[in-house]
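Within every chain, numbering begins at 1; the chains are lettered A, B, ... in the order of the sequence lines, protein sequences first and strands thereafter.
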2 protein chains.
Amino acid sequence: MSSHDVKKKCKSCALYSDSKLFCASLSGNELCDLSDHSRTLSMKRGDTLEGDALSHWPIVAIDDGVVSIQHLLQDGRKTIAALFMRGDILDLRNISNRNRGALVALGKVNICRMAPKVFAQIMAENPNSQKIVWENLRDQAFRAIDHSADIAKKQALEKLASFVLECRNRQEITGNTEVIDIPVRRVDLAEYLGMQPETVSRGFKDLENRGVLDVISLKAVKIKNLQFLRRIADGDKDVIDEKGDPGSFKVLQFG
Amino acid sequence: MSSHDVKKKCKSCALYSDSKLFCASLSGNELCDLSDHSRTLSMKRGDTLEGDALSHWPIVAIDDGVVSIQHLLQDGRKTIAALFMRGDILDLRNISNRNRGALVALGKVNICRMAPKVFAQIMAENPNSQKIVWENLRDQAFRAIDHSADIAKKQALEKLASFVLECRNRQEITGNTEVIDIPVRRVDLAEYLGMQPETVSRGFKDLENRGVLDVISLKAVKIKNLQFLRRIADGDKDVIDEKGDPGSFKVLQFG
DNA sequence: CGGCAAGTTGAGCCAGGTCAACTCCGGTGG
DNA sequence: CCACCGGAGTTGACCTGGCTCAACTTGCCG
C-alpha cells in the first residue's frame, strides 16, 4: 500500500485528524505501517464484535459513534456496563476468558481494528503515543469507577443528572451553548444507568418540571440551571426533596 | 542510598518478590533508581491519601492490604467505587480535578509511592515493565466495568454471589480448598455493592440456607456448590426462585 | 472480662420495577 | 406530499425488593 493510499484511508479518521488522539501522534513511517496492518469497519446498531474477528484484531480504536459493552444475564436482563466513543482505544487481547461482555454498536459506528504486533511496537518505541494511549486507558478506568459510584447508591434523578454531566464532560467543547448531546437512546440509557426506560422518562420529565433542564428532543437536552443539576447529581437532598410535580410548582433558588 | 539498602527496603515487598509484579521486572539499576525515588507508607483503616501527598507522589503501588476509592454524596451516602489490592498500581497524576473520590485504606495497608519521573522513564525504556503495568491498568478498567454490570441490574443475592466469585478470582491460588477470603468488612462490602449492611447480612444467610456456601467467619466463606453460586451470580431465576428460607428447605439440583 | 463497635434480626414502608395501554416519531410507499 | 406502519418512548396503576429504623447479639481489643 503506497503512502498516498495511507493518507486516503486515514485522513478522514478522527484518530488522525484530531491532534490529541493516537494516530496524530505517529511518525510518517509508523502511521504507514499501522495503516498497512489495520482494517476499518463500519457498524450499525446492534452489530457486535466477537470471536475470531476479535482474536485477530484485538486492538479497536473508535473513530465515530458509540460502542457499548453489554452484559447479559441468564434470564434476559441486559446491562450496558460501559460506553466508548471517539478516540477511545480498546485493548481486548486475551479478554475472552475473563469478561462476559459483548461489544455492541449503539448506532452508526466507525472503528479501526489494529494488529496487536504493530500496536505493541509503537507503544514500545514512541513515548508520545504511549502517553496518549496510557492516558486514554486511565480515563476509561476512572470513568468506569465513577460510573460504578453513580449507579451504586444514587437514586434515579441523581443518576440522570450525573449522566447529563458525564455527556457534558465528554462532548466536544463547542463553546457556544448549554445544549448537551445525548448520544444514546432511552433504552440504552436505562440499561447503562441500571434502571427502566419508564423511569428514565419520568426522570427527565421531573428534571424539566424542576426547571433544571429542557428536553429538546430525544437526542439533546438544554441545561437551564447547571448549578442545580450539579447539586442533584451530587446527592443534595435539599434539592431532591423539593418535589418536582407540575402541581406544587415552586421557584427554585439556592441556599 | 546504597545498593544494599535498596534490597533491604524492597526485598519484603510483594511487588518485588512476586515475579509477576512490577518491581520484579526491573533491572538492577532501575530498581535502585526507583527505590531512591519512592517512599513506602503504612496505613491503617480509615487513613486517606490526598492533597499534596498525592500531587508529589501520584504513582501508588499496593504491596499489601485493601485500598478503596470512596465517593461521598452531599447527604452522607457513601460508596466504595473500587477496590485495589496487592500488585495494583494506581496512576493518580492530574486526577484531582476530575474525580471526586478519595483513596481510603480499609485495613492495614502497605503501599509504595513513586516519583512520576522515574516511573515514566521506566515505562518508556523497559517494555517488559511497561507490559506488566499496562495489563494491570487494563485489568483495573475491566474489573471496574464488570463491577458496574454487577451493581447495575443484579439483585442483592446475585451481587453477593458475584462478589464471592470476584474474590475467588483475585485471591492467590492456594490450590487447596474452596475457602474464600473476604478481605473487607460487611459495611465496606455493602458500600461496594451498593446495598445496606443489613441486606448483605440477610444475603449471606440466604446463600447459607440454600446450601451454596458456609459463612465460616466474617472474613471467610466456604463454597459448597460452585456451580450453583455461578448460576446465581449469572442471574438464573430458576435458582433464585427456589426460596432459601429454612422452613421450605429443598434439596437443590441442576436442571 | 468489660466495653464498644460491628454485625444481625425484625417490622414497616417507599422508590422504582412491572405490566399494559397509549402516543409519538421516523421511515416508506403510493 | 400525505397516509400508513412499526418500533421507541411515555403514562398510569399497581406491587415488591430492599431500605430504614430500632432493638438485639456477637466479636474484638485492651
Side-chain angles (χ1 to χ4, degrees), chain A residues 44-46 73 75-80 106-108 150-161 182-209 215-221 232 235 237 240-241 243-247, chain B residues 44-46 73 75-80 106-108 150-161 182-209 215-221 232 235 237 240-241 243-247:
Chain A
K44 60 175 198 306
R45 167 163 254 262
L73 296 190
D75 67 341
R77 274 171 292 169
K78 202 165 63 175
T79 305
I80 291 179
L106 295 185
K108 282 203 73 172
D150 284 345
I151 57 181
K153 281 273 177 67
K154 289 185 180 177
Q155 33 196 154
L157 215 59
E158 297 164 350
K159 290 185 194 181
L160 231 39
I182 306 287
V184 298
R185 297 197 184 172
R186 290 286 186 270
V187 208
D188 303 326
L189 182 41
E191 274 159 14
Y192 181 58
L193 296 178
M195 44 206 261
Q196 290 330 104
E198 292 94 326
T199 312
V200 172
S201 179
R202 292 186 240 269
F204 273 124
K205 196 159 191 216
D206 196 351
L207 289 173
E208 255 186 330
N209 289 336
V215 178
I216 298 175
S217 76
L218 290 175
K219 295 182 168 54
V221 299
I232 291 176
K237 277 297 173 60
I240 292 278
D241 286 347
K243 290 295 180 203
D245 10 54
Chain B
K44 61 175 198 308
R45 168 164 252 263
L73 296 189
D75 66 342
R77 275 171 291 169
K78 201 166 63 173
T79 305
I80 290 179
L106 295 185
K108 281 203 72 171
D150 284 346
I151 58 179
K153 280 274 177 67
K154 289 185 181 178
Q155 29 194 171
L157 215 57
E158 298 164 349
K159 290 185 193 182
L160 272 181
I182 306 287
V184 298
R185 296 197 184 172
R186 290 287 185 270
V187 208
D188 302 327
L189 182 40
E191 274 159 13
Y192 181 58
L193 296 177
M195 43 206 261
Q196 292 327 104
E198 293 94 325
T199 312
V200 171
S201 178
R202 292 186 240 270
F204 272 125
K205 195 160 192 213
D206 197 352
L207 288 174
E208 254 186 331
N209 289 336
V215 178
I216 298 175
S217 75
L218 290 175
K219 294 182 168 54
V221 299
I232 292 177
K237 277 296 173 60
I240 292 279
D241 286 347
K243 291 293 180 206
D245 6 56

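Checked against dC19(D), dC28(D), dG16(C), the side chain of Lys219(B) finds its nearest nucleotide in dC28(D). Listed candidates were dT10(D), dT9(C), dG17(C). Nearest to the side chain of Ser201(A) is dT10(D). Of all nucleotides listed (dG9(D), dT8(C), dC19(D)), dC19(D) comes nearest to the side chain of Met195(B).
Between the CG atom of Leu218(A) and the C1' atom of dG26(C) there is a distance of 11 Å, rounded to whole Å. Across the protein-nucleic acid pair, Phe204(B) atom CZ and dT9(C) atom P stand 13 Å apart, rounded to whole Å. Atom pair Arg77(B):CZ and dG18(D):C1' shows a separation of 15 Å (rounding to whole Å applied). Asn209(B) has its CG atom 13 Å from the C1' atom of dT9(C), to the nearest Å. The CG atom of Leu157(A) sits 17 Å away from the C1' atom of dG17(C) (whole-angstrom rounding). Distance CG (Asp206(A)) to C1' (dG9(D)): 17 Å, rounded to an integer number of Å. As rounded to whole Å, 18 Å separates atom C1' of dG16(C) from atom NZ of Lys154(A). Computed from coordinates, the Gln196(A) CD to dA20(C) C1' distance equals 15 Å when rounded to whole Å.
Between Leu193(A) and Lys159(A), the shortest heavy-atom distance links the atoms O-NZ, 3.0 Å. A pairwise comparison of heavy atoms in Ala190(B) and Pro197(B) identifies CB-N, 3.5 Å as the closest pair. Listed here is the closest heavy atom pair of Ala152(A) and Ile151(B): CB-CD1, 3.8 Å. When all heavy atoms are compared, the tightest approach of Ala161(A) to Ile232(A) is CB-CG2, 3.9 Å.
Between the side chain of Lys153(A) and the backbone N or O of Thr79(B) there is no donor-acceptor pair closer than 3.5 Å.
In this structure, the helix from dC1(C)-dG30(D) to dG30(C)-dC1(D) shows an angle of 50° between the axis at its start and the axis at its end, each fitted on 5 base pairs and rounded to 10°.
Looking at Val184(A) and Tyr192(A), their side chains never come closer than 4.5 Å, going by heavy atoms from C-beta outward. Within the 4.5 Å cutoff, side-chain heavy atoms of Leu106(B) are placed close to those of Ile80(B).
The base of dG12(D) is paired with the side chain of Arg202(A) by a donor and an acceptor separated by under 3.5 Å. A donor-acceptor contact under 3.5 Å is not formed by the side chain of Arg185(B) with the base of dT8(C). Scanning atom types as modelled, one donor and one acceptor separated by under 3.5 angstrom connect the side chain of Glu198(B) and the base of dC21(D).
Under 4.0 angstrom from either OP1 or OP2 of dT9(C) there lies at least one side-chain N or O belonging to Lys205(B). Applying the 4.0 Å criterion to OP1 and OP2 of dG18(D), one finds that Thr199(B) has every side-chain N and O outside that range.
Residue contacts for Val200(B): at a heavy-atom cut-off of 4.0 Å it reaches no nucleic acid atom on any strand shown. Gly194(A) comes within contact range of the sugar-phosphate backbone alone, with a heavy-atom separation under 4.0 Å but no base atom that close.
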Walk me through it: do Ile182(B) and Leu218(B) pass the test side-chain contact (heavy atoms from CB on, under 4.5 Å)? CA-CA 8 Å; Ile182(B) 306 287; Leu218(B) 290 175; over 6 Å; no

